[in-house]
Amino acid sequence: MDNLKAVVEALIFVSEIPLSLNKMMEIIGDAEKEEITGIISDLVRDYNERDGGIFLIEVAGGYQFRTKEICAPWIRQLKATRPKALSQAALETIAVIAYRQPVMKSEIEKVRGVDVSGILKGLMEKNLVRIVGRKDVPGRPIIYGTTKKFLEVFGLKDLSDLPTFKELEG
Amino acid sequence: MDNLKAVVEALIFVSEIPLSLNKMMEIIGDAEKEEITGIISDLVRDYNERDGGIFLIEVAGGYQFRTKEICAPWIRQLKATRPKALSQAALETIAVIAYRQPVMKSEIEKVRGVDVSGILKGLMEKNLVRIVGRKDVPGRPIIYGTTKKFLEVFGLKDLSDLPTFKELEG
Amino acid sequence: MSYKFRLDIFEGPLDLLLYLIKKNEIDIYNIPIAIITEQYLEYIEAMKSLNLNLAGEYLVLAATLIHIKSRMLLPVHDEDEIEDEEDPREELVRQLLEYKTFKEAALNLDKMTLLGRDIFNREFSDEDEDEEAERPVREIGIFELVEAFRKMVAQSAATELMEIDVEKISLSERINEIIDELNEKKTLTFTDLVGELHNKMRLIYTFLAILELMKLRIIKAYQTVSYGTIRIRLAVEN
């Protein structure tokens with residue numbers, strides 16, 4: 001096979017976990033084991049000689065590209081500033097708050113069917129949800145609403161930009 | 001900085017989304033913009049000259065390593081997926097949105113001559129299309145546009161990178 | 001009839017029409033409406049007889065074609081009128097050309113090197129889902145939010161939740177604003193809230209918001225003398 005080296009490199013590159021020799025042989029089919037191991041040795045040498053930011057290593061029964069240790073401080077910084085997705089639970093909770101505000105915790109829990117204390121706290125820490133007031137009923141329950149930050153994160157000008165179900169169903 | 005090239009390469013490698021120049025400058029701190037763009041050009045050339053299985057591409061406002069097209073059949077086998085093709089209806093709909101955005105659903109339907117609710121929903125689920133706001137006309141209809149993911153999937157630097165269609169402007 | 005097998009591959013009535021034009025090698029700017037209408041209706045009949053799910057749009061275009069055909073048949077009394085009068089086919093031709101362009105654009109998009117089909121990026125696992133609260137929140141499409149809510153509502157029995165419309169959301173917005181103002185100023189008069197409002201919708205929303213807040217027992221309204229100034233304040237101080 002002409003492109004064997006390129007294919008081996010690409011396979012190792014895209015694999016989420018260290019890619020085993022067996023898996024590679026299974027995929028490539030018509031290549032001998034020695035041929036593939038030879039290519040991997042070549043690749044290891046290529047990357048060492050290049051002296052770049054990544055290298056090829058045999059690990060956990062397979063092969064994987066990894067970044068060099070000297071790059072670690074910058075990588076940590078990248079990961080720390082990487083925006084994090086909201087969990088499904090958080091998304092559902094904020095959906096209830098957005099559409100039903102001003103809303104009590106008990107109302108959110110009635111819709112979601114689970115306790116939302118922890119998630120509510122998290123959403124307030126992220127400044128997506130806030131306490132808007134209290135209700136004059138026994139227990140004086142807190143009522144919640146969304147924040148300006150919520151509008152920013154979801155790219156809305158104001159709450160009336162929120163689409164309704166009907167609009168999406170068309 | 002001594003290892004600047006290695007750091008830039010490692011950062012692009014570990015980033016889950018195309019890494020923007022700004023982000024790199026923010027993380028590296030003491031490097032000039034020209035220095036980083038110079039290094040990126042070097043990296044692009046390095047990988048082209050190596051003629052391996054991966055290459056560096058500028059896409060969706062950042063840089064990302066991707067596998068070469070010739071390797072696709074084997075990678076699909078590794079991922080055990082069929083090639084993810086978009087249907088003709090989805091392609092037509094996304095073409096209208098891409099070239100006419102921001103665009104109302106009714107405008108898309110006028111062009112295509114069919115109801116597009118289902119397709120639009122599918123495209124939003126695939127995160128290729130998003131709601132960008134409402135149009136400032138009576139009824140404040142929802143308007144749609146393409147996403148960053150759209151640029152990533154179609155390998156575009158930005159929207160101006162779309163193939164030109166003189167007839168479509170307007 | 002060979003066309004039976006082609007019916008489901010049309011993307012819509014315009015697509016079918018384009019196909020007929022191509023098949024008959026017709027000039028798109030000078031469509032022989034009578035012939036095309038006849039063929040178009042044959043296809044529609046075939047679709048019906050095959051019990052294919054015939055979208056209403058096909059019938060709309062059929063009606064349009066018939067209408068154009070009848071207009072083309074009208075005798076022209078005055079030769080000069082031809083100059084001024086718009087060709088009944090003009091709008092349809094414009095629509096067809098536009099659709100054709102986008103069809104080509106779609107084909108073009110499909111020919112591009114697509115991520116996930118032709119080329120790939122690295123796969124990432126969620127290995128380091130560290131719980132750093134400091135990390136910024138990723139921007140989210142509003143569609144995800146609506147979908148999350150819709151799914152939840154579908155599961156719960158609370159059907160009244162479905163009654164969400166733009167008015168209700170705008171009302172929420174005004175309610176939040178009023179509570180904010182009350183948190184700041186403690187008491188507000190009715191005129192404080194509605195006085196300078198020139199926008200009629202905003203006036204209505206303000207009024208509805210106050211009623212809703214009173215009903216929810218979040219605010220209280222009171223006046224010191226009958227027909228005196230109505231003041232509102234939070235029912236419970238924070």
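Order of the sequence lines fixes the chain letters, A, B, ..., with proteins taken first and strands second; residue numbering starts at 1 for each chain.
Annotation: maximal heavy-atom pairing with chain C below 4.5 Å, among B:Ile131, B:Val96, B:Thr147, occurs at B:Val96. Between chain B and the options C:Ile119, C:Leu97, C:Asn108, C:Asp110, the largest number of non-hydrogen pairs under 4.5 Å is found for C:Ile119. Across B:Ala90, B:Ala98, B:Gly155, B:Ala89, the residue that shares the most heavy-atom pairs under 4.5 angstrom with chain C is B:Ala89. Between chain B and the residues C:Leu61, C:Leu14, C:Leu96, the most heavy-atom pairs under 4.5 angstrom are made by C:Leu14. With chain C as the partner, the residue from B:Val129, B:Val14, B:Ile54, B:Ile57 showing the most heavy-atom pairs under 4.5 Å is B:Val14.
Within the 4.5 angstrom heavy-atom criterion, atoms from both the backbone and the side chain of C:Asp118 approach chain B. The contact between B:Phe55 and chain C is made entirely by side chain atoms (from C-beta outward), counting heavy-atom distances below 4.5 Å. Heavy atoms closer than 4.5 Å to chain C are found in the side chain of B:Lys79, but not in its backbone. If you measure heavy-atom distances from B:Glu109 to chain C, you find no contacts under 4.5 Å at all. Contact of B:Leu162 with chain C is made through the side chain alone, with heavy-atom distances under 4.5 Å.
Of the possible polar contacts, one joining the B:Thr37 side chain to the B:Glu34 backbone as a donor-acceptor pair under 3.5 Å is found. Without hydrogens or angle criteria, C:Arg89 side chain to C:Ile33 main chain gives no donor-acceptor distance under 3.5 Å. Not one N or O on the side chain of B:Ser15 forms a donor-acceptor pair closer than 3.5 Å with the backbone of B:Leu11. A donor-acceptor pair is defined here as one N or O able to donate and one able to accept, closer than 3.5 Å; such a pair exists between the side chain of C:Tyr40 and the backbone of C:Tyr58. Remark: side-chain polar atoms of C:Glu57 are paired, donor with acceptor, to backbone N or O of B:Asp115 under 3.5 angstrom. Formation of a donor-acceptor pair under 3.5 Å by the B:Glu152 side chain with backbone atoms of B:Pro18 is not found in this model. Here the side chain of B:Arg134 pairs a donor or acceptor atom with the backbone of B:Arg140 at under 3.5 angstrom.
Taking 4.5 Å as the heavy-atom cut-off, the residues of residues 58-73 of chain B that approach chain C are B:Gln64, B:Phe65, B:Arg66, B:Thr67, B:Lys68, B:Glu69, B:Ala72, ordered by number.
By the 30° and 60° cut-offs, the orientation of the rings of C:Phe10 relative to C:Tyr43 is perpendicular.
Take C:Asp180 and apply the side chain to side chain donor-acceptor pair (under 3.5 Å) test, not counting sequence neighbours, and it matches A:Arg130. For B:Asp158, the salt bridge (charged side-chain N to carboxylate O under 4.0 Å, His left out) criterion is met by no residue, not counting sequence neighbours. Residues that satisfy the side-chain contact (heavy atoms from CB on, under 4.5 Å) test with C:Glu25, not counting sequence neighbours, are absent from this structure.
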